[in-house]
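Read through the structure below, which is laid out as structure tokens, and then see the notes.
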Amino acid sequence: MLTVTYKPAEVLHWFGIGSRQARQRARRKSQAALSGNDFAQGIRDVAGAAAELGKGALSDIVQRRAEDTTYQFFEDAFEVNGITSRRRIPYEDVTGIEALTHDRFELHHKGGALMIKPIAHLVAGRLRVPVGWSRNGMEVPYATLIEELAARCGVEIVAE
């Protein structure tokens, strides 16, 4: 059987663009602090530059975490790979999948539980949609991963 790999959709590259923009704003603010004669304004500019650097670093972390998150489905088990971890769970060990609020799912297995949640959401006004996946190179909706996982494990998805 073919190995199936789910990766976050390509839309997440915008975090990298946001990070670069934050670093550029920080550079401008820090240069303004060095060139000004007003001490109080210089302190404000330095604080603003530090805040922008923090935003850039956070964007980098979010993008890295998203890019390193994958779900791989094998013939007898699935693997969840994160930025610092790798878990392999046999399909036969899964006892149930529970649908929670905010597009989250809790997978129960003999060794404990695993939370599956969206990497990010797209927001337009009041509409909030979870970012989908790239399944072996083809974009699919977020729920496809959960539905395929439930089918492979032979369990139903139950609402909380």
Side-chain angles (χ1 to χ4, degrees), residues 1-27 48-160:
M1 182 181 264
L2 177 69
T3 299
V4 174
T5 302
Y6 282 86
K7 295 180 180 181
E10 295 298 320
V11 72
L12 298 175
H13 73 278
W14 291 104
F15 284 113
I17 292 170
S19 173
R20 284 191 296 278
Q21 290 173 339
R23 283 193 298 273
Q24 289 170 349
R25 286 191 301 270
R27 193 174 310 118
E52 290 296 335
L53 282 174
K55 289 178 191 175
L58 181 60
S59 290
D60 285 342
I61 291 169
V62 168
Q63 182 180 15
R64 177 74 192 273
R65 192 189 101 218
E67 288 173 347
D68 288 351
T69 299
T70 61
Y71 292 83
Q72 289 187 295
F73 295 173
F74 302 100
E75 193 168 323
D76 61 337
F78 71 98
E79 262 185 24
V80 181
N81 301 305
I83 194 167
T84 60
S85 65
R86 170 176 276 154
R87 291 178 69 182
R88 185 176 182 90
I89 301 170
Y91 298 128
E92 65 187 23
D93 287 357
V94 176
T95 57
I97 299 175
E98 185 178 359
L100 306 173
T101 59
H102 306 294
D103 304 307
R104 296 173 303 134
F105 294 86
E106 189 170 47
L107 181 136
H108 301 278
H109 59 93
K110 290 181 182 174
L114 172 71
M115 183 67 67
I116 300 173
K117 55 188 177 181
I119 295 298
H121 284 85
L122 296 175
V123 178
R126 292 184 179 208
L127 183 62
R128 183 175 185 254
V129 180
V131 170
W133 300 99
S134 174
R135 182 187 185 274
N136 286 358
M138 186 169 116
E139 284 197 30
V140 296
Y142 169 72
T144 303
L145 177 136
I146 305 300
E147 292 166 356
E148 182 173 352
L149 189 54
R152 286 176 179 254
C153 294
V155 298
E156 295 289 321
I157 300 169
V158 296
E160 74 175 333

Minimum-distance pair of heavy atoms, taken over all atoms of [X] and [Y]:
X: L145; Y: F73; answer: O-CZ, 4.0 Å
X: N136; Y: T5; answer: OD1-N, 2.8 Å
X: P118; Y: H102; answer: CD-O, 4.2 Å
X: V155; Y: V94; answer: CG1-O, 3.9 Å

Do [X] and [Y] make a side-chain contact, defined as non-hydrogen atoms from C-beta onward lying under 4.5 Å apart?
X: F105; Y: L149; result: no
X: K117; Y: L100; result: no
X: P8; Y: W133; result: yes
X: V4; Y: R152; result: yes

Report yes or no: does [X] contribute a side-chain atom to a donor-acceptor pair with the main-chain N or O of [Y] at less than 3.5 Å?
X: H109; Y: G111; result: yes
X: Y142; Y: D103; result: yes
X: R104; Y: T101; result: yes
X: T95; Y: H108; result: yes
X: R87; Y: G82; result: no

Quick check for you: to the nearest 0.5 Å, what is the distance between L107 atom CG and I146 atom CD1?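 CD1 of I146 is found 8.0 Å from CG of L107.
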Separation of I97 CD1 from I157 CD1 (nearest 0.5 Å):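 These two atoms lie 5.5 Å from each other.
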Looking at M115, I'd like to know if its CE atom is crowded, meaning that more than 12 non-hydrogen atoms belonging to other residues, nucleotides or ligands lie closer than 6.0 Å.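 Counting neighbours around CE of M115, more than 12 heavy atoms of other residues, nucleotides or ligands fall under 6.0 Å, so yes.
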For E92, does the CD atom sit with more than 12 other heavy atoms under 6.0 Å from it, leaving out its own atoms?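 Counting other residues, nucleotides and ligands, CD of E92 stays at 12 neighbours or fewer.
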Which word best sums up how the rings of F78 and Y91 line up, parallel for under 30°, tilted for 30 to 60°, or perpendicular for over 60°?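 Judged by the thresholds at 30° and 60°, the geometry between F78 and Y91 is parallel.
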Does R88 form a side chain to side chain contact (heavy atoms under 4.5 Å, CB included) with D76? I'd like the steps, not just the answer. CA-CA 10 Å; R88 185 176 182 90; D76 61 337; 3.5 Å; yes
